[in-house]
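Read the numbers this way: they start at 1 and go in the same order the structure lists the ligands and their atoms. Keep in mind that the numbers below use all heavy atoms, side chains included, and drop hydrogens, waters and symmetry copies. Note that this is a predicted model, so its numbers are computed, not measured.
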Amino acid sequence: MSGSLEGKTAVVTGGTRGIGFAIAERFADAGATVVVTSRSSTSCQEAAAALGAGHRGLPCDVTDESQLSALFASIPQVDIFVHCAGVSSAGSSLTVKRETLQHQHAVHFLGGVQGAQLAAAKMKDAGGGAILLVVSVWGLGGQPQTLAYGSAKAALAHSVKVLGVEWARYGIRVNGLAPGFVATDMTKDLGDKVLDKLLSKVPMRRAATPSEMAGPALFLCSDDASYVTGHVLVADGGERAR
Ligand SMILES: NC(=O)c1ccc[n+]([C@@H]2O[C@H](COP(=O)([O-])OP(=O)(O)OC[C@H]3O[C@@H](n4cnc5c(N)ncnc54)[C@H](OP(=O)(O)O)[C@@H]3O)[C@@H](O)[C@H]2O)c1
């Protein structure tokens, strides 16, 4: 069946809400056993229960190397790894603090790359797998006020290419998904003025829903994309086509 994930186990960081939960739901519908993670054990349990019997929710702060290692040690089989955990950050590049830069890079880049390494170790032994790193259009261009967030996503987008090339020999595909503007908790407090300005650059003139990110994620992680690796798929309502 097209897009089937039957028999696969998928780990989704940041899988308790927003884009990550929409991806987890779509993967579960496609037949995968899904492990969702976030910092909150309550949210993990609730999200796993919402996915249905057999799915798991395990707390893990992706900025903590030992928590990420323990997470992967507790999951015997990992066929798909999605790094979707994230927090946004915006502010002047004149004053952005070193701690902000470090935290953004810890969540997005270091968390994503360490997760990918831990997943790849299991996938290599099993003969292959699929990794999806959720980046952002703001990591593909020089959006003002996003030095910390954008540079962390840019590093992650670069990793997609390096890992895609390096791990192809192990049957591991590594791709990226670059959402544009998606209506989630992350974007709900932006305010009408900022929202209007952002959406004025989007040809579709609207934000995406989280589930509109789930289809591209399923494609990239399923055998439908068996010859696609090292690619960042942009899903931004046409913004970057301008
Ligand atoms: N929304 C957009 O417009 C947009 C656009 C481009 C890219 N993205 C990217 O898409 C991804 C998902 O964003 P979203 O909009 O769905 O955000 P969201 O609704 O705020 O969800 C973020 C998820 O990440 C988890 N998380 C945050 N920090 C974490 C940490 N240190 N360790 C583990 N989990 C952590 C959150 O759970 P806890 O808080 O409970 O830990 C939550 O599950 C992010 O990487 C974001 O940068 C979003």
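By the criterion of a heavy-atom distance under 4.0 Å, the backbone of Cys60, and not its side chain, is placed next to ligand 1. When heavy-atom distances to ligand 1 are checked against a 4.0 Å cut-off, Val135 comes that close only through its backbone atoms N, CA, C and O. Here Thr187 has side-chain heavy atoms under 4.0 Å from ligand 1, and that is the only part of it that gets that close. The backbone and the side chain of Ile19 each have at least one atom closer than 4.0 Å to an atom of ligand 1 (non-hydrogen atoms only).
Scanning the protein for heavy atoms near atom 15 (O) of ligand 1, the closest one is Thr184 OG1, 2.5 Å. In terms of protein heavy-atom proximity, atom 13 (O) of ligand 1 is nearest to Met186 CE, 3.7 Å. Nearest protein neighbour of atom 37 (O) of ligand 1, counting heavy atoms only, is Ser38 CB, 3.3 Å.
Annotation for ligand 1: atoms under 4.0 Å from non-hydrogen atoms of Tyr149 are 6 (C), 7 (C), 8 (N), 9 (C), 46 (C), 47 (O). With ligand atoms numbered from 1 in the order given, ligand 1 contributes 16 (O), 19 (O) to contacts under 4.0 Å with heavy atoms of Gly18. Below 4.0 Å from some heavy atom of Phe181 lie the following atoms of ligand 1, by number and element: 3 (O). Close approach to Cys84 involves these atoms of ligand 1, each under 4.0 Å from a residue heavy atom: 11 (C), 12 (C), 44 (C), 45 (O). Taking every heavy atom of Asp61 and a limit of under 4.0 angstrom, the matching atoms of ligand 1 come to 30 (C), 31 (N), 32 (N). If you number the atoms of ligand 1 from 1 as listed, the ones under 4.0 Å from a heavy atom of Gly180 come out as 3 (O), 4 (C), 5 (C), 6 (C).
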Full working for side-chain contact (heavy atoms from CB on, under 4.5 Å) between Val135 and Val232
CA-CA 8 Å; Val135 297; Val232 175; 3.9 Å; yes
Under the criterion salt bridge (Lys or Arg N to Asp or Glu O under 4.0 Å), I'd like the reasoning laid out for Glu46 against Arg17: C-alpha separation, chi angles, the key distance, then a yes or no.
CA-CA 10 Å; Glu46 287 172 359; Arg17 54 189 156 88; over 6 Å; no
Trace of the side-chain contact (heavy atoms from CB on, under 4.5 Å) decision for Val36 with Val34:
CA-CA 6 Å; Val36 286; Val34 185; 4.0 Å; yes
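Side-chain contact between Ser74 and Leu58: present, with at least one pair of heavy atoms (C-beta onward) separated by less than 4.5 Å. For the pair Thr229/Trp167, no side-chain contact is recorded, criterion being any heavy-atom separation below 4.5 Å from C-beta on. Looking only at side-chain heavy atoms (C-beta outward), Thr37 and Val12 stay at 4.5 Å or farther from each other.
Put simply, no part of Ala208 is less than 4.0 Å from ligand 1, judged by heavy atoms. At least one heavy atom of Lys153 sits closer than 4.0 Å to an atom of ligand 1. Ligand 1 lies within reach of His108, whose nearest heavy atom is under 4.0 Å from it.
By the 3.5 Å distance cut-off applied to N or O atoms, Ser43 is not counted among the residues near ligand 1. For Val182, a nitrogen or oxygen atom sits less than 3.5 Å from a nitrogen or oxygen atom of ligand 1, counting backbone and side chain alike.
When all heavy atoms of Val96 and Ala148 are compared, the pair lying nearest together is CG2-CB, 4.2 Å. Listed here is the closest heavy atom pair of Val82 and Val134: CG1-CG2, 4.2 Å.
Side-chain atoms of Ser38 and Ser40 include no donor-acceptor pair closer than 3.5 Å. Judged by distance alone, the side chains of His55 and Thr33 never bring a donor and an acceptor atom under 3.5 Å apart. A side-chain N or O of His108 and one of Gln104 form a donor-acceptor pair less than 3.5 Å apart.
For the pairing with Lys122, the side-chain contact (heavy atoms from CB on, under 4.5 Å) check across Asp79, Thr9, Val78, Val11 returns one residue only, Val78.
Closest heavy-atom approach to atom 27 (C) of ligand 1 among the candidates Gly86, Cys44, Gly14: Gly86. Counting heavy atoms only, Thr16 comes closest to atom 43 (O) of ligand 1 of the residues Val62, Ile23, Thr16. Of the candidates Ala85, Gly111, Ser40, the one placing a heavy atom closest to atom 34 (N) of ligand 1 is Ala85. Distances from atom 18 (P) of ligand 1 to the heavy atoms of Arg39, Lys188, Arg17 show the closest one on Arg17.
Between Phe109 and His105, the ring-plane angle classifies as perpendicular under the 30° and 60° cut-offs.
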